[in-house]
Amino acid sequence: MALWAGRFAKEVDETVNAFNSSIAFDARMYAQDIRGSIAHATMLGDCGIIEKPESEAIVQGLKDILADLNSGALAFDPHAEDIHMFVEAELTKRLGSTGKRLHTARSRNDQVALDIRLYLRDETWETARLVHQLAETLCDLAEQHKETIMPGYTHLQRAQPVTLAHHLLAYAQMLRRDLMRLRDTVERMNECPLGCGALAGTTYPIDRWQTARLLGFDKPVDNSLDGVSDRDFCVELCCALSLIMTHLSRFSEEIILWCSWEFRFVELDDAYATGSSIMPQKKNPDVTELIRGKTGRVDGDLMTLLSMLKGLPLAYNKDMQEDKEAIFDAIDNVKLCLRTFIPMLKTMRVNKENLRRAAAGGFINATDCADYLVKKGMPFRDAYKITGTLVAKCISEGLTLETLPLEAYRSLSELFTEDVYDAIRLEQCVGGRRSYGGPAPEAVAAQLDELRYELEQLRIWEDA
Ligand code: ARG
């Protein structure tokens, strides 16, 4: 018999029941649901809305249910409509009419709005812990590669020399901003909807500040309609997750290129690569490809949430039950990707010689050659043109700027002297780029120091 049987003349159709039910995916919020109910029952007792002994019995009953669910002694009922109904029914089974008092001054609408916030707050902190771990892994790797020269690219064409440290720290900086986004998301999520009721608050003398405090929120939501009907925090979190995936995906794409035989900049550990069922020579970067693929999936979750919300009149509508599978899918996949990516990166071998070799081809010191002339007084555009002519000459004669004879240089400008070879040495090209945020080892060391300091401030899960 359904909870609302009083109003209905017959039972709800079985297919509708199954269609309506969300327990298959909201059961995972059981600990948060019970935590919210404990706070609510405590408040009801303290405010004299229910008797103190009843409030205490309810709190104890909820704690017992939590313990039994944790141990597996109690199983979820797949026929329950949702986790909220399941816990309440179980409580009533155990406590009789006392259990029936728990839902006083509450609706499932404020209850579910609370549970998702509690659940996502925990999950956001856990995600932040993993993102932080990845950023630290990159910092450690960068520490070892401040002098490892590699080509920097634009349009995937070799452009100017950088170091592997500098390249890796670019990703670490993206992750730092990802952490800030997660921190900001929690900050806006951290208002308590409990007490908003179905949509219009309640006539009981509840204390919303008490429940907010008990549950670790900064304050109660200020508008009861808003508290039960927005899911902007899900969208915001999913957006932050999409960006994390975007960053992982771009990095993955580079690793896929880097471990191809065309590049051979890195080699994945055997434990983090896979073979082919037919081609015996293959070692495939499946992990990175799967991350790239899953990025589209998380972006899809974001689209699901935005589309679900856009036409909903205030306040609660059942459409909103669709928020959970989308945001859970996004969070599960981001955590999965991070947990796999971190050890893959830690065990990846870097082929410094090949990075250096790639940097030595492709004329990535051409800008430095032009700058050499500029430093001797020539306008940049003239210097640029002369260097272009030199590069063309090198290409037609199979030479590099390093092996081109001095006479060839001087035939285009008398400003060239023997020291041009020093100016276009890759170490010199990188080492000279000391501008703030540049790739010179000392600039990268400063960046690394600052980044490590900033990451220390972003251990947001420790606020829990
Ligand atoms: N399972 C529901 C959800 O996820 C809980 C809220 C149900 N409220 C209602 N008025 N039917 O949204």
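Both backbone and side-chain heavy atoms feed into the values below; hydrogens, waters and symmetry mates do not. We count residues from 1, following the sequence as given. Counting starts at 1 for both ligands and their atoms, following the listed order. Since the model is a prediction, treat every value here as computed from it, not as a measurement.
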**Prompt:** Within 45 degrees of the axis of the six-membered ring of F328 and under 6.0 Å from its centre: does R28 put its NZ or CZ there?
**Reply:** yes
**Request:** Would you please indicate if the ring centroids of Y30 and F86 are separated by under 6.0 Å?
**Result:** no
**Message:** Take a 6.0 Å sphere around NZ of K63 and say whether it holds more than 12 heavy atoms from other residues, nucleotides or ligands.
**Reply:** no
**Message:** Any donor-acceptor pair under 3.5 Å linking the side-chain atoms of R106 with those of H103?
**Reply:** yes
Provide, line by line, the atom pairs where ligand 1 and the protein bring an N/O atom each to a distance under 3.5 Å; else say none.
unit_1	atom_1	unit_2	atom_2	d
ligand 1	1 (N)	S22	OG	3.1
ligand 1	1 (N)	D82	OD2	3.1
ligand 1	1 (N)	Q321	OE1	2.8
ligand 1	4 (O)	K324	NZ	2.6
ligand 1	8 (N)	N109	OD1	3.0
ligand 1	10 (N)	N109	OD1	3.1
ligand 1	12 (O)	Y316	OH	2.5

**Request:** Would you mind listing every salt bridge (charged side-chain N to carboxylate O under 4.0 Å, His left out) that reaches into residues 147-160, with sequence neighbours excluded?
**Result:** none
**Asked** Would you find more than 12 non-hydrogen atoms of other residues, nucleotides or ligands less than 6.0 Å from E187 atom CD?
**Response** no
